Structures are given as C-alpha cells and as structure tokens.
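Here is how names work: the chains are called A, B, and so on, in the same order as the sequence lines, proteins then strands, and each is numbered from 1. Given the structure is predicted, the values throughout are model-derived calculations rather than measurements.
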Amino acid sequence: MLQLPVIRQNPNWVKERLAVKFFTETGLVDTILLLDDQRKKLQLEFDTNQAKVNSTSKEIGALMAKGQREEAESKKQEVAALKSTLQPITEKLGEIEKQLQDELVKLPNLPSEKVPEGRTPADNIVVREGGVKPQLPKEAVPHWDLIKKLDIVDFETGAKITGSGFPLYKGKGARLQRALIQYFLDFNTAAGYTEYLPPFMVNEASAYGTGQLPDKEGQMYYMPADNFYMIPTSEVPVTNIYRDEILKETDLPVKMTAYSPCFRREAGSFGKDVRGLNRVHQFDKVEIVQLVHPDNSYAVHEEMINHVEKLLNNLELPYRILALCGGDMSFTSALTYDFEVYSAAQERWLEVSSVSNFEAYQTNRMKIRFKDEKGKTQLVHSLNGSSLALPRIMACLLENNQGPEGIKLPVALHHYFGGDLIS
RNA sequence: GGUGAGGUGGAUGAGUGGCUGAAAUCAACGGUUUGCUAAACCGUCGUACGUCCUUAAAGAUGUACCGAGGGUUCGAAUCCCUCCCUCACCGCCA
C-alpha cells in the first residue's frame, strides 16, 4: 500500500509513475485525496465533540462526589445532546475511513526509476546472460519424456491422488528434490540468512499483508472451514513474521530464508506452458526475504541478485537475468529482476526466480517499522527472491545434462544427492 | 472437542467504574561519576490519526487504542455478550 503522505505531497508524480505500469485508473489518486480531506475534517469535528463529552463527564463525576445531583443531571443531558450529534459523525467517519482504505489498496506500487519502459514480456530487458547452452544430440528429449523413462516423476498417479498439476516425485526424483532444497538452504544460511520453516497455511491478515489479498485472491487455495489460505510462496508467512513490529535500527538487515511447498491455482494457464514440470499447482521453493533500511534497499537488491546468480552458476545452468518492464511487473513490486534458465530440449527460457524490491509497499500494509537514529519511526523496505523454485530447475538439469548413461548432475549437488548420475 | 484459568507498554507485573495512557521493577537509550569495567546516581523511555505553532526540526494540544468486535453507563483496562489466542487438565491422535 502506498503511503498517504507520498500521494498527498506529489499526486501528479504518483500518476506519472503509475502510467509506467499502465495503470490507467489515475482518478483513484484524486478520489483518495478527496477522501483523505473529508476524513480529516470529520475527525476534527469528532475530536472536538468527543473532547467536550469527556470533559463534561469528568465534571459530572466531580458534582456527584459533592452531592450536587441536580447539576449532575443537567450535565448528563448536555452529554446526551452532544452524543446524538456525535453519532452521525462517527458513522460517516467510519465509512470514509473504510472507503479510503479500499481505494488505497487498489493502487499498485510505484515502479522505481530503473524500471524499463514497456508493456509486455517482450519489452523486458536482458541485463546479462551466463552459463553455456549445451549442444544436445538429435535424440535429446524434453524432461517430460525423461522423467517417464527414468521413472522419477509420476504425473498420472499425482492426478489420481489429487488432480492434474500435483506431481508425485519418486525414487531419485524425490531424492533430487530433497538434495536441491538442502543445498539451497545451506547456500542461503552460509550467506547469513536465518532459516525458517513456516506454516504452509496463513490467515487472512497475513495474505493481505504481503498483497496476495485482495489482488490475487483467485490464485490461492482457500480453506473456508477455517478461513485459511494455502501459501503460494513462503514469502507470505516469512514476511509476516515481523508484521506490526517496530525494529531497532541495529536489527537491520533482517535476512530470512525458508523452504516451503507452494500452492497455486494457476487459473487460466494452458498449452505448452503447463507441460510437464513447467507449471504445476504444487511445487517446492526456497525463498530469501530481507527487511532493510530504506537507504539500502537497492544495494541489497543487487546483492540478492548476485546471490541467486551464484547459485545458478554453481548449478552450471545457462541463465539470463531480465529487468521487468513496467507493464510486466507485479502489482506490489517497485523493481523486479527475473532469472530464467535455458531449457535446452524445449529450446525455451523458464523462469526460476524473481527478485523484487517492494520498498515500503508491503511494510506499509504490515506496519513493519524501525526507529532511526533520531528516534523517528519509519517503514523498513522489504525484498524477496526465489533461491530457487525447484521444478523448472529440475526440468533444465534433466534436459541439459542428458546423455547415453543418464543425467549427469553438477558437482555442487554430488554431495547432497549422494551421487553424480541419475540413470 | 470438553473443562478451568488467563490475555495490560520491549519484558515482568499492579490496576474491579471517574484522580490510569496506565504504578513498580527490569531491560534499553542519554548523561554524571570512574584509569577501564562494574556499581551508584540523574534523565529519557507506547502507537496512530488530527489541530495549533514553526521554513523545518522541536514544542503545545485533542482524540483513539490495555487480544478483536459489539453492548451497558454521564463516564470502561475495570461490568456484560460474541469471537480469537495462550496456558493447564481431560478426550482424541501423527
């Protein structure tokens, strides 16, 4: 959620930035300012009336103590009159506050100045590429054929147990998942991230805090009996750890990492996007999250990108880093870099990580603040990134490293997997 | 799921209708003292939204908030109702 003072101070600039995201309902900005104005007026009115009620009530107490009952009674009537004028004000104030909140939530985060212009994924800018694309032999096949041949992921049985898009990992496939999770977590904790294993369902307040609600409600699995949501990423529970907290400046940066399965309904997906492991309803992911001083967030963003890049280098996968254009960024992000790995048999790039700076957008909703050296309370900045999402990493490892003897794993995984070959 | 006890500021914890936005202690922060550390002493030490004042900072002032929401009352942390959570015991169970 954008900070009201920011909108107040520079509504036109806000509108300009929103245009970069192709957010056209700029009338919202004016509506918000209008509501804010009304709110202030009503609050002043309420406060002055309520102050009178409070002081008169005290007088009544004093009169009663002195036994002056008649005066007390007449004061009581005064209060009653005040309260009847107060009632409509209170109601109106409540309404306006709710409206203001509702409208405020509809505004996406403002893109940073670094965000490239553009409307579609084609406008994203390749920042850099790394690794080497393998030259695959003619008989090379996509991962959905490989997993069948090797019998390491069983989609049919997953569909029988649950439904399509719920893969059942088996044997070395299950083991590879475990190895990757373990490796990623070790890599992150070695870089100073504290490991968490969070709840996989969250309540409404948490889903709202990171911006899944109300924007992406349909993307989450919902458990109506308890009003819980299955997490679409561990970002949700992990960032919410510090909801409504005021940190000390010396606590910053807070660096957290967590593994979790991720649940996504992926309503509306179709075609080659969903083939095999390319897009599934349940997948595993290790996430990194940081809460940082607002002055540092862009430096930290770079640091996180380098961190994820190192991981991909260690996995010996060809990758590229994209700066997402205004039209392709998420609602809540101020700047996002996507990481894609090259899936050699499908001959396409697959997104495996998205590293974003949210500035104060999430933390304003969650009220995650810190006291600066002057003792002033301000919002921290939040960032997160995948490190990494497993299924597509697995798809690429399988496709890119296939050979006559089987799948050769990168050195970094040998220890974790307990071997160097899937055959 | 049942029964009982609770939920107060960073922590402990007092507060059963007005003098309580909240005692006290601890922690934290600033200072004095000290060769250094410790101790001692002094001071500061909730959040949000407004208003006034100011270039701003600071300051003054109002309102709300003692798990959440509602109610009673002139007046609620305090009484009542609903919900949530925590703890203990029982039941069930990985």
A.B. asks: Going by purine N1 to pyrimidine N3 plus the second Watson-Crick contact, or the G-U wobble pair, all under 3.5 Å, which nucleotide sits opposite G50(B)?
C.D. replies: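 Across any shown strand, G50(B) pairs with U61(B).
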A.B. asks: When you check the phosphate oxygens OP1 and OP2 of G50(B), does a side-chain N or O of R8(A) lie under 4.0 Å from one of them?
C.D. replies: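 Answer is yes, contact under 4.0 Å.
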A.B. asks: Counting heavy atoms from C-beta on, name the nucleotide in C19(B), A48(B), G50(B) closest to the side chain of L44(A).
C.D. replies: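 In terms of side-chain proximity for L44(A), the closest of C19(B), A48(B), G50(B) is G50(B).
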A.B. asks: In Watson-Crick or G-U wobble terms, both distances under 3.5 Å, what is the partner of A28(B)?
C.D. replies: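 In the structure as shown, A28(B) has U44(B) as its Watson-Crick or wobble partner.
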A.B. asks: Within the structure, does a side-chain N or O atom of R39(A) lie under 4.0 Å from either OP1 or OP2 of G50(B)?
C.D. replies: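 Checking G50(B) against R39(A), a side-chain N or O does come within under 4.0 Å of OP1 or OP2.
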A.B. asks: Measure from CG on D244(A) to P on G46(B) and round the result to the nearest Å.
C.D. replies: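 Distance, rounded to whole Å: 18 Å.
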A.B. asks: Say you pick atom C1' in C80(B) and the same atom in G21(B); how far apart are they, in whole Å?
C.D. replies: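 C80(B) and G21(B) have their C1' atoms separated by 24 Å.
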A.B. asks: Among A64(B), C74(B), G46(B), which is the nearest nucleotide to the side chain of V79(A)?
C.D. replies: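 For V79(A), the side-chain atoms sit closest to C74(B).
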A.B. asks: Does any nucleotide pair with A14(B) by Watson-Crick or G-U wobble geometry, both distances under 3.5 Å, and what is it?
C.D. replies: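 Pairing partner: none.
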A.B. asks: Are side-chain N/O atoms of Y229(A) and N203(A) paired as donor and acceptor at under 3.5 Å?
C.D. replies: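 There is no such pair (donor and acceptor under 3.5 Å, judged by atom type) between the side chains of Y229(A) and N203(A).
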A.B. asks: Name the pairing partner of C19(B), where a pair is Watson-Crick or G-U wobble with both distances under 3.5 Å, or state none.
C.D. replies: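 None - no nucleotide pairs with C19(B), as no candidate has both distances under 3.5 Å.
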A.B. asks: When both hydrogen-bonding distances must be under 3.5 Å and the geometry is Watson-Crick or G-U wobble, what is U37(B) paired with, if anything?
C.D. replies: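 By the stated definition (distances under 3.5 Å), nothing pairs with U37(B).
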A.B. asks: Please answer whether the main-chain N or O of I246(A) pairs with a side-chain N or O of K371(A) as donor and acceptor at a distance below 3.5 Å.
C.D. replies: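 No, K371(A) side chain to I246(A) backbone: no donor-acceptor pair under 3.5 Å.
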A.B. asks: Taking any heavy-atom pair under 4.0 Å as a contact, classify K40(A): base, sugar-phosphate, or nothing.
C.D. replies: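 Here K40(A) touches the backbone only, sparing every base.
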A.B. asks: Expressed in whole Å, how much space separates the C1' atoms belonging to G6(B) and A77(B)?
C.D. replies: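 My reading of the C1' atoms in G6(B) and A77(B) gives 15 Å.
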A.B. asks: Separation of L379(A) atom CG from U47(B) atom P, in whole Å?
C.D. replies: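 Rounded to the whole Å, the gap is 14 Å.
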A.B. asks: Closest to the Q43(A) side chain: G50(B), C74(B), C19(B)?
C.D. replies: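 Output: G50(B).
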A.B. asks: Reckon K52(A) touches a base, only the sugar-phosphate, or nothing at all at heavy-atom distances under 4.0 Å?
C.D. replies: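 Touches nothing.
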A.B. asks: Can you check whether N54(A) has a side-chain N or O nearer than 4.0 Å to OP1 or OP2 of U63(B)?
C.D. replies: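 For U63(B), OP1 or OP2 has a side-chain N or O of N54(A) closer than 4.0 Å.
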A.B. asks: Quiz question: by atom type and distance under 3.5 Å, do the side chains of Q346(A) and N278(A) form a donor-acceptor pair?
C.D. replies: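 There is such a pair between these side chains.
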A.B. asks: Taking the same atom, C1', in A57(B) and in C65(B), what whole-Å distance lies between them?
C.D. replies: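 Approximately 27 Å lies between the C1' atom of A57(B) and that of C65(B).
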A.B. asks: Within the structure shown, what part of the strands sits under 4.0 Å from T377(A) by heavy-atom distance: base, sugar-phosphate, or nothing?
C.D. replies: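 Sugar-phosphate contact only.
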A.B. asks: Check the distance between A28(B)'s C1' and D251(A)'s CG and give it to me in whole angstrom.
C.D. replies: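 Atom-to-atom, D251(A) to A28(B), this comes out as 12 Å.
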A.B. asks: Hunt down the Watson-Crick or G-U wobble partner of U73(B), both distances under 3.5 Å, from any strand shown, or write none.
C.D. replies: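 Because no pair has both required distances under 3.5 Å, U73(B) counts as unpaired.
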A.B. asks: Less than 4.0 angstrom between a side-chain N/O of K83(A) and OP1 or OP2 of G75(B), yes or no?
C.D. replies: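 The answer is yes; a side-chain N or O of K83(A) sits under 4.0 Å from OP1 or OP2.
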A.B. asks: Starting at the 5' end of RNA chain B, which residue's closest nucleotide do you reach first, E97(A) or D47(A)?
C.D. replies: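 By nearest-heavy-atom nucleotide position, the 5'-most residue is E97(A).
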A.B. asks: What is the base-pairing partner of C89(B), counting Watson-Crick and G-U wobble geometry with both distances under 3.5 Å?
C.D. replies: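 G2(B) - that is the nucleotide pairing with C89(B), both distances being under 3.5 Å.
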A.B. asks: Paired with G7(B) by Watson-Crick or G-U wobble geometry, both distances under 3.5 Å: which nucleotide is it?
C.D. replies: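 C84(B) is the nucleotide pairing with G7(B).
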A.B. asks: Are Y298(A) and H381(A), when compared by the centres of their aromatic rings, separated by less than 6.0 Å?
C.D. replies: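 Judged by ring-centre distance (under 6.0 Å), Y298(A) and H381(A) do not meet the cut-off.
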A.B. asks: Given G50(B), U47(B), U63(B), identify the nucleotide with an atom nearest to the side chain of R369(A).
C.D. replies: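 Nearest to the side-chain atoms of R369(A), counting from C-beta on, is U47(B).
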A.B. asks: Under 30°, 30 to 60°, or over 60°: which ring-plane class applies to H281(A) and Y221(A), parallel, tilted or perpendicular?
C.D. replies: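 Judged by the thresholds at 30° and 60°, the geometry between H281(A) and Y221(A) is perpendicular.
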A.B. asks: Mind telling me whether Y416(A) and Y183(A) have parallel, tilted or perpendicular rings, with 30° and 60° as the class edges?
C.D. replies: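 Answer is tilted, since the angle falls between 30° and 60°.
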A.B. asks: Nearest to the side chain of M64(A) - U47(B), G62(B), C74(B)?
C.D. replies: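 Taking heavy atoms from C-beta onward, the closest nucleotide is C74(B).
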A.B. asks: Take atom NZ of K367(A) and atom P of U47(B), then tell me their distance rounded to the nearest Å.
C.D. replies: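 Atom NZ in K367(A) sits about 14 Å away from atom P in U47(B).
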A.B. asks: Can you tell whether the side chains of K408(A) and E316(A) come within less than 4.0 Å, N to carboxylate O?
C.D. replies: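 Answer for the salt bridge query: no.
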A.B. asks: So, are D102(A) and K106(A) salt-bridged, with charged N and O less than 4.0 Å apart?
C.D. replies: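 Salt bridge flag = no for K106(A) with D102(A).
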A.B. asks: For C85(B), does either OP1 or OP2 sit under 4.0 Å from a side-chain N or O belonging to N203(A)?
C.D. replies: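 No, because none of the side-chain N or O atoms of N203(A) sits under 4.0 Å from OP1 or OP2 of C85(B).
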A.B. asks: E204(A) CD to G69(B) P: how many Å, rounded?
C.D. replies: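 Going from CD in E204(A) over to P in G69(B) covers 15 Å.
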A.B. asks: Counting only side-chain N and O atoms of S57(A), is one of them less than 4.0 Å from OP1 or OP2 of U73(B)?
C.D. replies: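 S57(A) to U73(B) OP1/OP2: no side-chain N or O under 4.0 Å.
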A.B. asks: If I take atom CG in residue L82(A) and atom P in nucleotide C74(B), what distance separates them, rounded to the nearest angstrom?
C.D. replies: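 L82(A) atom CG is separated from C74(B) atom P by 14 Å.
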A.B. asks: Check the distance between C49(B)'s C1' and Q38(A)'s CD and give it to me in whole angstrom.
C.D. replies: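 That distance rounds to 17 Å.
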A.B. asks: Mind checking the C1' distance from G9(B) to U72(B)? Whole angstroms is fine.
C.D. replies: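 Taking atom C1' in both G9(B) and U72(B), they lie 28 Å apart.
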A.B. asks: Expressed in angstrom and rounded to an integer, what is the separation of K75(A) atom NZ from G75(B) atom P?
C.D. replies: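 Atom NZ in K75(A) sits about 15 Å away from atom P in G75(B).
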